[in-house]
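Quick notes on the structure that follows.
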Protein chains: 2
Amino acid sequence: MPSQQVAIDRVFHALGDPTRRSIVEKLSSGPISVSRLAKPLEITLAAVVQHLRVLEESGLVRTEKIGRVRTCRIEPRGLTLAERWISERRSLWERRLDRLGQFLVEEDEGRS
Amino acid sequence: MPSQQVAIDRVFHALGDPTRRSIVEKLSSGPISVSRLAKPLEITLAAVVQHLRVLEESGLVRTEKIGRVRTCRIEPRGLTLAERWISERRSLWERRLDRLGQFLVEEDEGRS
DNA sequence: CCAATACTTAAGTGTCCGCTTGACAATCAA
DNA sequence: TTGATTGTCAAGCGGACACTTAAGTATTGG
């Protein structure tokens, strides 16, 4: 299923915006309502809601509305996805360096 | 120091584009020239160069020109920055859950 | 020297995106 | 009920951004 790609795409796109990252930062220290989330940010509540939509669709945030208050909390799924993508690239890159290093050592040994 | 924030911003912005991520993916399995990098991508070489500029400024990629060939390789600094940002959010979030869990347990013990 | 290769640079274009405004809906408190 | 709070929806604006085209530079092989 190629939808993993889509998911990764959504996550990184979501994290690409500084305002959305600051929302994630805020949320990582506890759930909070939309309006309280908007307070410290110098943009409209409507804009915050739009960001939340993106964050929710990317699996970075989960929200739940009770009464007139929508409470937002962090959803680890999205972060995990991004983290895994990065560590996969890194391990590929490190494995390559290992092979290269070993090759150089072996070549040196043979040259004695 | 122009703040870690700016650097983080650049990295996540760079990773926000799917083409740039695919460049990073390609590069994580070894250095390669600009034109060979462009081959499988269905965009102009000029566009690839522009992406490379962004990637280089974000510390995700390093390039070096020898003769008429510019060779691109991955630079771990950028990835590390992104990885750390994520793991910091996660650990904050997990610590919070721990405190919450402990609170619930203690409350339950007191209620016996 | 000449042609091919491998970029580089600048300018223009269309699209996406973040944001605002304004009108509306739903819930709560007095 | 009335007014305040909390959020929703739709439309539109302006700028950022990915991409192309086109012309130019530098390097290399024959």
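Letters A, B, ... are given to chains in the order of the sequence lines, protein chains preceding strands, and every chain is numbered from 1.
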Inset, instruction - State whether a side-chain donor-acceptor pair under 3.5 Å links A/Thr71 with A/Glu64. - result: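 Checked: A/Thr71/A/Glu64 side chains show no N/O donor-acceptor pair below 3.5 Å.
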
Atom [atom1] of [X] to atom [atom2] of [N]: distance rounded to whole Å?
{"X": "A/Glu42", "N": "C/dT20", "atom1": "CD", "atom2": "C1'", "value": "14 Å"}
{"X": "B/Leu45", "N": "C/dT5", "atom1": "CG", "atom2": "P", "value": "13 Å"}
{"X": "B/Asp17", "N": "D/dC17", "atom1": "CG", "atom2": "C1'", "value": "9 Å"}
{"X": "A/Leu15", "N": "C/dG18", "atom1": "CG", "atom2": "P", "value": "12 Å"}
{"X": "A/Leu52", "N": "D/dT8", "atom1": "CG", "atom2": "P", "value": "9 Å"}
{"X": "A/Leu37", "N": "D/dT6", "atom1": "CG", "atom2": "P", "value": "14 Å"}

Legend entry - Close side-chain approach of B/Arg73 and B/Val61, heavy atoms under 4.5 Å: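 Counting from C-beta outward, B/Arg73 and B/Val61 never come under 4.5 Å.
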
Legend entry - Base C/dC19 paired with A/Gln50 side chain (donor-acceptor, <3.5 Å):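 Pair found.
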
Counting only side-chain heavy atoms from C-beta out, which of [options] sits nearest to [X]?
{"X": "A/Val69", "options": "D/dT6, D/dA11, D/dA18", "value": "D/dT6"}
{"X": "B/Ile43", "options": "D/dC19, D/dC17, C/dT20", "value": "D/dC19"}
{"X": "B/Ala46", "options": "C/dA11, C/dC19, D/dA22", "value": "D/dA22"}

Answer yes if [X] and [Y] sit in the same cluster of Ile, Leu, Val, Met, Phe, Trp and Tyr residues linked by side chain heavy atoms under 4.5 Å apart, and no otherwise.
{"X": "B/Val24", "Y": "B/Leu45", "value": "yes"}
{"X": "A/Ile74", "Y": "B/Leu92", "value": "no"}
{"X": "B/Phe12", "Y": "A/Val54", "value": "no"}

Any side-chain N or O of [X] below 4.0 angstrom from OP1/OP2 of [N]?
{"X": "A/Thr44", "N": "C/dC19", "result": "no"}
{"X": "B/His51", "N": "D/dC17", "result": "no"}
{"X": "B/Arg70", "N": "C/dT8", "result": "yes"}

Inset, instruction - Look at the side chain of B/Arg62 and the backbone N and O of B/Glu75, then say whether any donor-acceptor pair between them is shorter than 3.5 Å. - result: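 Such a contact is absent between B/Arg62 side chain and B/Glu75 backbone.
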
Inset, instruction - For DNA chain C, find the residues of residues 20-36 of chain B with a heavy-atom distance under 4.0 Å and give them by number; none if there aren't any. - result: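 Output list: B/Ser33, B/Val34, B/Ser35.
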
Inset, instruction - Check step by step if side-chain contact (heavy atoms from CB on, under 4.5 Å) holds for A/Leu60 and A/Arg20. - result: CA-CA 10 Å; A/Leu60 282 161; A/Arg20 281 193 292 263; over 6 Å; no

Legend entry - Basic-acidic side-chain contact under 4.0 Å: A/Arg53, A/Glu57: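 Looking at A/Arg53 and A/Glu57, the cut-off is met.
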
Inset, instruction - Please list, by residue number, the residues of residues 54-68 of chain B whose heavy atoms come closer than 4.0 Å to an atom of DNA chain D; answer none if no residue qualifies. - result: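 Only B/Gly67, B/Arg68 qualify.
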
Inset, instruction - Carefully, step by step, assess A/Arg21 and B/Ile8 under the rule side-chain contact (heavy atoms from CB on, under 4.5 Å). - result: CA-CA 10 Å; A/Arg21 276 200 314 283; B/Ile8 300 241; 4.1 Å; yes

